S.K.: 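First the structure, which I've put down as C-alpha cells, then a few questions once you've had a look.
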Number of protein chains: 2
Amino acid sequence: MKDCHRVASAIKDMKIRGAPLIGVAAAYALALTAYNSKAKTKKEVIKEIEKSASLLKKTRPTAVNLFWAVDRMVRKARENTGTAKTVAKAVIEEACKMADEDVETNRKMGKHGSALLNDGDVILTHCNAGSLATVDYGTALGVIRVAWEQGKKVSVIATETRPKLQGARLTAYELQQDDIPVTLITDGMVGYVMQKRLVDRVIVGADRIVRDAVINKIGTFGVAVLAHEHDIPFYVAAPTSTFDLAHSASEVVIEERNPDEVTHFGAQKIAPNGVEVLNPAFDITPMQYVTAIICETGVLSPKDLERHAKWKT
Amino acid sequence: MKDCHRVASAIKDMKIRGAPLIGVAAAYALALTAYNSKAKTKKEVIKEIEKSASLLKKTRPTAVNLFWAVDRMVRKARENTGTAKTVAKAVIEEACKMADEDVETNRKMGKHGSALLNDGDVILTHCNAGSLATVDYGTALGVIRVAWEQGKKVSVIATETRPKLQGARLTAYELQQDDIPVTLITDGMVGYVMQKRLVDRVIVGADRIVRDAVINKIGTFGVAVLAHEHDIPFYVAAPTSTFDLAHSASEVVIEERNPDEVTHFGAQKIAPNGVEVLNPAFDITPMQYVTAIICETGVLSPKDLERHAKWKT
C-alpha cells in the first residue's frame, strides 16, 4: 500500500485487523503521507499529516491503539523544530520505532504471562491475538508462544469467532505453523468444553481497556462469564497502549458492522433475504470477570489497574 | 422416501432434524417397513420391524424422542393379535396417530407457554424448535406463535447456531413467513444482547430432558448461563416424549459429528488443513439454570419435574 487512503480502507475493511497492528499500520500510513508529501514548509506537511490522521481516526471507532498511535505520530510531527523534510524523516522513524516497540512489548508480555501457565495447561482463546493481529509474536498467543518455547507442553482451544472467523482462519493457522497443538471449536461450544473441564485458562487480547471493563471481539464477554461460572482464570493480554483508563465502559462506542458479514459466508448466502441483523464487532467484559491483565510492565489485577494508571501518568 | 433405510440416512445426515420430528419420521419409517413387507406371518413382519427399529436407533444417540417413538411402534406391532396384514395396518395407523398427536401437543404447549409471555417481550431462541423441527407448529416457536396469535406484540432474537446454522436458515425463515419480527445474531452475541437488556426471556427446545438437566443443541448451556447471570428467565419447551427422568446427565451420550461441519461451509473451506476439531452436537444444561419446562401438560418447575414423572407412570 503506497498511500494513507489505501491503509485506511484496509483497516476499515478489516484486511488489517487486531488492535496493536491497526495502531502501527496507522502510524505507517502517516509516515506514507509524510514520505509522499510535496510540501515546502513544516506547517504544510503537518497539515497533511493532520488530514490523514483525521481520515484514519474515522475507520474504526473502538480499538484505542489506533487513536493512541495516530496522536503519538501527530505529536511527533508537531514537536519537530526543523524543516518539512526533517518532519517527514522524524515521522517515518517514529513509525519504525513503534513497529519495533510492538514486537518488544509482545515479548515482554509473553514473558510475564507465561509465568501464569503450567506444563500441560489447555488454554482457550477467542478471535486472533497473535502475530497476525500485531507486528509480530502476538499478545495472547505471544504468552502461549513463550510458554511453549520454555518447554511447557501447553495446548490451545481456539473458538472460530463468527462472523469473520479469525479463530478458524488465523489463530488455528498460526498455531499450526508453530506446531503448538490446537483444537478448533464453534463459539457455542465454549460452555461444553468448560463443563467437561477441558480448559485450564482463558487468554484473550483486547481492543480497549477502560477503568471498569475490557472491550474485545464480540463473544469475549460470554467466554468470560462461562469462565467465571467454572472458576477458570480469565486473562487479558494487551499492551498498555490499549489502556484508556480515563474512560469507563458506558463511554465506549461499539462499532456496528455490515449485516452481510452475518448473512453471507463469502459469496454464499446463509440467511433469508431481508432478515434483520445485529452485528456489533465488540462486546464489553466488566472487570469482575477478569482475573488479571498481562501487559509489558507485568501482570496486573483489575485493582492494580487504576494504581498503574496513576503511576504511568 | 420409500423405505426405512432412506429415512434412517436422512435422520443421520440431519436432512430430517429436530427431536419431535425425528421421532415421528422414525415411526413412519417403521410404517414403511410394515407397508413394504412381503411377510406371510405376524412373526415375520414383527422381525422385519424389529430389524428396522434397530437400524433407526443407531442413527443418532442423543434425542430421546427417537427411542420413545421406535419403542412405541414396536410395542404396537407386538401387541397386535391379528395377522401380518393387521400388524402392518396397526403400525401405519399408529404412525399417523403420532403425527397428529405431535401437532396437538405443540398447540397445547404453546397455550401453556404463551401465558408466560407479555406484550412487547423480546424472546431469544437458539437453534430451531419450530414447525421444521416437528410435524407442525413447533415447540419453542409454537409458544411464540400462540402469543403472537393472541395479539401480543412479541419479537424474536434468533442465534444463527453454528455449525449447521439452523437459526439462520430455519428459525429466521419460519418467523419471517409468519410475519413475526426476528433479528439474527451470531452465537457469540448472546452476552452482548443480554447485557444491553435487549432480551426479556429465552425459550429453547430440548432433545432430552433427564432428572437433573436439559440436553439440547450445542450452545444452549452457554445461553442458559448468560441468562442466569442477567436474571433472564430461561424456558425449555418440549413434549413429555422428550422426558427421560429415569436417567441423569452423566448417563447421556453426546453425539460427536463430522469435523467437516465445522471446517467447511458447504464446499468452502474455512480452516487450515488437518486442524483438530471438536463437534459435539449437543450440550448439557443443569436444572439450576432452567426456570421452567413448558410441556403439553403445563408449565413445570424443575422441582415439579420428578413429581410429574411419578404422576405420569
Side-chain angles (χ1 to χ4, degrees), chain A residues 126 157-163 165 167-169 172-173 175-177 181-193 195-196 198 217-226 228-229 254 259 261-263 265-268 270-280 282-286, chain B residues 126 157-163 165 167-169 172-173 175-177 181-195 198 217-226 228-229 254 259 261-263 265-268 270-280 282-286:
Chain A
H126 184 61
I157 294 178
T159 56
E160 63 175 8
T161 317
R162 280 279 292 150
L165 296 166
R169 298 189 299 140
Y173 169 81
L175 293 169
Q176 270 194 340
Q177 295 299 308
V182 56
T183 301
L184 180 64
I185 63 171
T186 65
D187 303 329
M189 293 174 195
V190 173
Y192 175 91
V193 293
Q195 189 182 56
K196 289 198 88 171
L198 299 175
K217 178 56 53 203
I218 189 73
T220 301
F221 172 50
V223 175
V225 170
L226 280 163
H228 192 257
E229 193 76 6
I254 298 293
E261 290 181 359
V262 174
T263 55
F265 233 76
Q268 198 179 341
I270 57 168
N273 283 331
V275 69
E276 200 77 35
V277 168
L278 284 181
N279 189 16
F282 305 96
D283 63 21
I284 294 171
T285 301
Chain B
H126 184 62
I157 293 178
T159 57
E160 63 176 8
T161 316
R162 282 278 290 148
L165 296 166
R169 298 189 300 141
Y173 169 80
L175 292 169
Q176 270 194 340
Q177 296 298 310
V182 55
T183 301
L184 181 65
I185 63 171
T186 64
D187 303 329
M189 293 175 195
V190 173
Y192 175 90
V193 294
M194 288 186 177
Q195 191 182 55
L198 299 176
K217 178 55 54 201
I218 188 73
T220 301
F221 173 50
V223 175
V225 169
L226 280 163
H228 192 257
E229 194 74 5
I254 298 291
E261 290 181 357
V262 174
T263 55
F265 233 74
Q268 196 179 343
I270 56 168
N273 283 332
V275 69
E276 200 78 34
V277 168
L278 284 181
N279 188 16
F282 305 96
D283 63 21
I284 294 170
T285 301

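Because the structure is a prediction, the values reported are computed rather than measured. In what follows, chains carry the letters A, B, and so on, assigned in the order in which the sequence lines appear, proteins first and then strands, with residues in each chain numbered from 1.
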S.K.: Can you list the residues that meet the side chain to side chain donor-acceptor pair (under 3.5 Å) rule with Thr161(B), with sequence neighbours excluded?
M.R.: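 In terms of side chain to side chain donor-acceptor pair (under 3.5 Å), with neighbours along the sequence ignored, Thr161(B) is linked to Thr159(B).
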S.K.: So does Ile284(B) get a backbone contact from the side chain of Gln195(A), meaning a donor-acceptor N/O pair under 3.5 Å?
M.R.: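 Looks like yes, one N/O pair under 3.5 Å.
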S.K.: Would you mind telling me which of Arg169(A), Lys196(A), Glu160(A), His126(A) has the largest number of heavy-atom pairs within less than 4.5 Å of chain B?
M.R.: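 Sorted descending by pairs with chain B, the first entry is Glu160(A).
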S.K.: Would a distance-only check, ignoring hydrogens and angles, find a side-chain to backbone donor-acceptor pair under 3.5 Å from Gln176(B) to Asn273(A)?
M.R.: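 Answer holds: yes.
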S.K.: For Leu165(A), is it the side chain, the backbone, both, or neither that has a heavy atom closer than 4.5 Å to a heavy atom of chain B?
M.R.: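 Side chain only.
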S.K.: With chain A, which of Gly167(B), Gly219(B), Pro181(B) has the greatest number of heavy-atom pairs at distances under 4.5 Å?
M.R.: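 Ranked by contacts with chain A, first place is Gly219(B).
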S.K.: With a 4.5 angstrom heavy-atom cut-off, which part of Leu198(B) approaches chain A: side chain, backbone, both or neither?
M.R.: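 Contact with chain A: side chain only.
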S.K.: How long is the gap from CD1 on Ile270(B) to CZ on Arg162(A), to the nearest 0.5 Å?
M.R.: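 Separation between the atoms: 8.0 Å.
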S.K.: Below 4.5 Å, heavy-atom pairs only: which of Val225(B), Thr263(B), Asp187(B), Thr285(B) has the largest tally toward chain A?
M.R.: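 Maximum pair count with chain A is reached by Val225(B).
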S.K.: Passes side-chain contact (heavy atoms from CB on, under 4.5 Å), Ile185(B) versus Val262(A)? Steps please.
M.R.: CA-CA 7 Å; Ile185(B) 63 171; Val262(A) 174; over 6 Å; no
S.K.: Pro272(A) and Ala168(B): which non-hydrogen atoms are nearest, and at how many Å?
M.R.: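 Heavy atoms only, the tightest pair is CD-O, 3.1 Å.
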S.K.: What's the separation between atom CD in Gln268(B) and atom CZ in Phe265(A), rounded to the nearest 0.5 Å?
M.R.: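 Separation between the atoms: 7.0 Å.
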S.K.: Looking only at heavy atoms, what is the nearest atom pair of Ile218(B) and Gly188(A), with distance?
M.R.: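 Closest approach of Ile218(B) to Gly188(A): CG1-O, 3.8 Å.
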S.K.: Of all the heavy-atom pairs spanning Tyr192(A) and Phe221(B), show the shortest one and how long it is.
M.R.: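 Result for this residue pair: N-CD2, 4.2 Å.
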S.K.: Checking Val223(A) against chain B: side chain, backbone, both or neither under 4.5 Å from a heavy atom?
M.R.: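 Neither part.
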S.K.: Looking only at heavy atoms and a cut-off of under 4.5 Å, which of Thr220(B), Leu226(B), Ile254(B) has the most pairs with chain A?
M.R.: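 With the most close heavy-atom pairs to chain A, the winner is Leu226(B).
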S.K.: Quick one: which of Asp283(B), Thr183(B), Thr186(B), Asn279(B) has the most heavy-atom pairs under 4.5 Å with chain A, could you say?
M.R.: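 Ranked by heavy-atom pairs under 4.5 Å with chain A, first place is Thr183(B).
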S.K.: Would you mind reporting whether Pro280(B) and Met189(A) have side-chain heavy atoms less than 4.5 Å apart?
M.R.: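 Touching, per the 4.5 Å side-chain cut-off.
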